[in-house]
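Have a look at the structure below, then the notes.
Chain naming here is simple, since letters A, B, ... match the order of the sequence lines and numbering starts at 1 in each. Values below: every heavy atom of this structure, side chains too, minus hydrogens, waters and symmetry copies. Source: prediction; values computed, not measured.
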Amino acid sequence: MSVCKAGDKIIMPRNVHRSAINALVVCGAVPVYLNPGIDKRLGIPLGMLYEDVEAAVLANPDAKAILVNNPTYYGICSDIVRLTKLAHEHNMFLLADEAHGTHFYFGEDLPVGAMRAGADFAAVSLHKTGGSLTQSSLLLCSERVNANYVRQVINLTQTTSGSYLLMSSLDLARRNLIRNGKEMFRKTIEYADYAREEINRAGGYYAFGRELINGRDIFAFDTTKLSVHTREMGLAGIEVYDILRDDYEIQIEFGDIGNILAIVSAGDRALEIERFLSALSEIKRLYAKSPVGLFDHEYINPQVERTPQEAFYAVKKSVSIAESVGGICGEFVMCYPPGIPILAPGERITAEIADYIAYCKEKGCFMTGTEDMNLENINILT
Amino acid sequence: MELWFTENHTDDVRFSIKVKQQLYSKKSYYQQIDVFDSYEFGRFLSLDGFLMLTEKDEFIYHEMMVHVPMAVNPAVKNVLVIGAGDGGTIRELTRYPDIEHIDMVEIDEQVIAVCREFLPQTACRLDDARVTIHIEDGLKFVRKHEHAYDLILVDSTDPFGPGEGLFTKEFYGNCFQALTDNGMLVNQHESTYYQSYVDMVKRTHSRIGSAFPVTMVYQAHIPTYPSGHWLFGFASKNLHPIYDFMPEKWEALGLSTRYYNTELHRGCFALPNYVRDVLAQAD
């Protein structure tokens with residue numbers, strides 16, 4: 001919102017968090033979505049391909065900014081150094097969603113932090129991997145940015161009574177990270193690497209890591225993210241997530257259609273890692289089946305018909321999911337976590353998308369974003 | 001001057017032993033290890049302030065942990081022992097000539113070293129040629145084995161501290177996987193006399209039950225453990241501790257024991273009503 005006004009374009013991958021599209025609803029900017037590559041085997045969205053971004057920049061020379069996930073929820077990073085250079089050469093800002101990247105600034109052997117790569121803005125959710133209280137986070141700005149204007153924009157959306165509880169928690173987390181961060185994240189990486197090795201040695205599951213790096217749409221990988229592909233055992237990630245929680249009292253970050261994600265943190269001990277590995281081994285023994293009939297992809301290319309702001313504020317009517325096919329969606333539909341929109345306001349609802357929503361619901365994913373909490377109905381533009 | 005070792009059995013109950021001399025006191029990576037000499041109980045070992053064994057009554061615990069399953073299946077060849085750094089369980093196992101191999105998995109190397117030095121009464125057979133000692137977390141070790149053991153003995157500390165992982169559902173499931181078709185699992189099962197232990201006994205019993213078709217509990221009288229009334233879990237893939245019991249075969253081995261006998265074997269599965277009630281609530 002500090003760099004785009006109504007009608008301005010912003011280049012972003014489709015696998016952004018809903019909060020990025022929320023900002024477009026508020027300010028009226030127009031998204032130019034890039035299709036993130038998709039890993040066929042894992043069914044996860046990848047990073048941004050430099051060539052794709054370059055093409056989008058050349059096709060939209062009036063765009064004001066490029067937004068990059070650094071990293072994605074799954075730990076995948078784009079070549080942010082080159083993308084920053086590209087943005088600056090074309091007089092655009094480079095914004096980084098670093099919600100999951102706090103530790104890049106404090107650990108070793110991790111992908112580069114966006115600000116170090118020369119980005120103009122980075123939104124860093126210190127509360128996720130940095131240990132501050134939930135809801136507290138930082139917006140980092142480079143010297144190319146008018147910080148006073150940014151403050152005015154922040155005041156548009158935030159309370160003027162800032163929470164001292166959250167601010168002091170941010171300050172304490174910052175102090176702790178500076179003093180102990182290197183050791184904390186060294187231990188975290190050691191645990192995650194060990195778990196990956198053990199999971200892959202036992203077979204059935206695939207805990208992916210640095211071997212995916214291809215210098216292109218998987219430019220770097222955040223090894224603190226312990227993502228495990230479960231589909232080849234005939235289990236949806238969300239099923240494994242539920243079994244871990246209900247039967248083994250292990251709460252992990254999320255399960256999607258084909259994967260689970262466990263976030264290893266400095267608070268974990270060897271015991272927690274061993275319990276997680278042993279429970280996975282049990283789930284394999286008790287529940288593994290052949291993988292037929294499981295949905296094998298997650299990315300559906302959006303057809304953007306209206307800007308998010310236009311669609312969000314348009315006159316709408318509520319129809320059943322089946323009836324909505326062909327209409328233009330007036331709200332968000334998300335599978336949470338990871339909170340990446342299946343549909344955003346202004347997008348055409350296709351039969352493929354309707355099927356995908358039905359499948360996610362059947363597998364027990366938590367669907368959010370729609371006015372109808374049970375997601376029987378959906379708002380479409382009249 | 002008098003020196004007393006005191007353990008709180010509950011917040012309101014204490015158990016004390018008059019100490020002759022403290023022989024060892026040091027913190028390992030995992031826990032505080034102490035060895036004392038006493039007038040009444042001889043030498044005794046405590047971990048994090050909890051009494052683990054005394055020279056005077058350790059025979060009860062170790063005989064009951066080993067001879068009960070061995071009399072159900074005297075043909076056991078491969079045994080996995082988890083915990084048991086003091087060596088008492090190993091001492092009893094090595095009395096069976098037909099046992100071919102014993103893997104002992106203890107997480108804290110220092111416990112073994114201390115027991116070798118100060119408690120030779122229990123640690124005396126740790127060097128038996130059939131015994132392989134692994135310094136490793138039991139949860140991690142057992143996960144890697146399939147159809148490998150006829151008997152698993154979980155000689156753990158309490159369900160907090162380093163032994164915590166050995167009371168989890170995933171651990172018992174991994175044990176099931178590591179056992180052969182006639183496999184048995186025996187674990188120290190705490191006690192139900194004091195209310196503060198009851199929930200853990202229930203949880204443990206139902207977790208074992210979720211992995212094994214046969215899940216029983218038996219008892220022994222151990223004077224230095226809280227309430228003196230202690231429980232063991234017996235779980236198996238198909239052997240029943242009474243119906244498949246082989247008293248003649250066991251008698252034929254000619255082992256002399258001070259607590260266990262084949263009459264007591266049948267009796268120890270007969271539990272007091274208040275214990276049965278607790279276990280019934282677990283299912």
Side-chain angles (χ1 to χ4, degrees), chain A residues 183 186-187 190-207 226 228 230 233-235 237 239-252 255 260 262 264 266-289, chain B residues 28-31 80 82-83 105-109 134-148 152 154 156-179 181 183 185 199-200 202-204 206-213 237:
Chain A
E183 173 58 19
R186 187 197 59 73
K187 211 178 96 188
E190 191 179 295
Y191 279 148
D193 281 347
Y194 162 73
R196 252 188 296 276
E197 220 171 274
E198 288 282 295
I199 289 168
N200 292 336
R201 192 183 46 72
Y205 301 95
Y206 171 40
L226 182 53
V228 184
T230 60
M233 290 198 321
L235 292 171
E239 293 176 294
V240 175
Y241 171 94
D242 284 344
I243 298 169
L244 280 171
R245 185 197 54 210
D246 297 343
D247 290 2
Y248 297 96
E249 295 162 13
I250 296 174
Q251 179 65 54
I252 57 168
I260 55 170
V264 182
D268 289 313
R269 302 166 296 170
L271 171 67
E272 276 81 37
I273 306 297
E274 293 302 338
R275 285 196 56 197
F276 176 65
L277 296 172
S278 297
L280 283 183
S281 143
E282 274 298 280
I283 293 170
K284 180 172 86 171
R285 178 173 76 85
L286 299 171
Y287 302 100
K289 48 185 187 279
Chain B
S28 74
Y29 178 77
Y30 296 98
Q31 53 206 339
L80 170 61
I82 293 177
V105 182
E106 164 65 54
I107 197 165
D108 194 345
E109 194 167 17
H134 307 263
I135 305 301
E136 203 175 325
D137 174 19
L139 187 58
K140 174 176 175 179
F141 184 91
V142 77
R143 190 173 71 231
K144 297 178 180 171
H145 293 82
E146 233 170 287
H147 281 276
I152 297 179
V154 188
S156 63
T157 54
D158 297 304
F160 39 83
E164 191 183 334
L166 305 181
F167 287 82
T168 59
K169 183 180 159 99
E170 54 273 23
F171 171 70
Y172 299 122
N174 286 173
C175 285
F176 183 92
Q177 178 174 265
L179 285 168
D181 294 341
L185 171 88
D199 278 348
M200 200 59 214
K202 278 190 215 167
R203 257 205 306 277
T204 304
S206 64
R207 284 174 185 168
I208 297 174
S210 72
F212 287 89
K237 290 192 175 181

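In this structure, the portions of A:Ala279 lying under 4.5 Å from any heavy atom of chain B include both its backbone and its side chain. Using a 4.5 Å cut-off between heavy atoms, A:Glu272 does not touch chain B at all. Residue B:Asp137 touches chain A through its side chain alone, counting heavy-atom pairs closer than 4.5 Å.
Looking at B:Lys140 and A:Glu198, no side-chain N of the basic residue comes within less than 4.0 Å of a carboxylate O on the acidic one, giving no salt bridge.
When A:Leu280, A:Leu277, A:Ile250 are each tested for a side-chain contact (heavy atoms from CB on, under 4.5 Å) with B:Glu170, only one passes: A:Ile250. With respect to B:Thr168, the side-chain contact (heavy atoms from CB on, under 4.5 Å) criterion is satisfied by exactly one of A:Glu249, A:Arg275, A:Glu274: A:Arg275.
The shortest distance between side-chain heavy atoms of B:Glu164 and A:Arg269 falls below 4.5 Å. Here the side chains of B:Lys169 and A:Glu282 are not in contact, with every heavy-atom distance at 4.5 Å or above.
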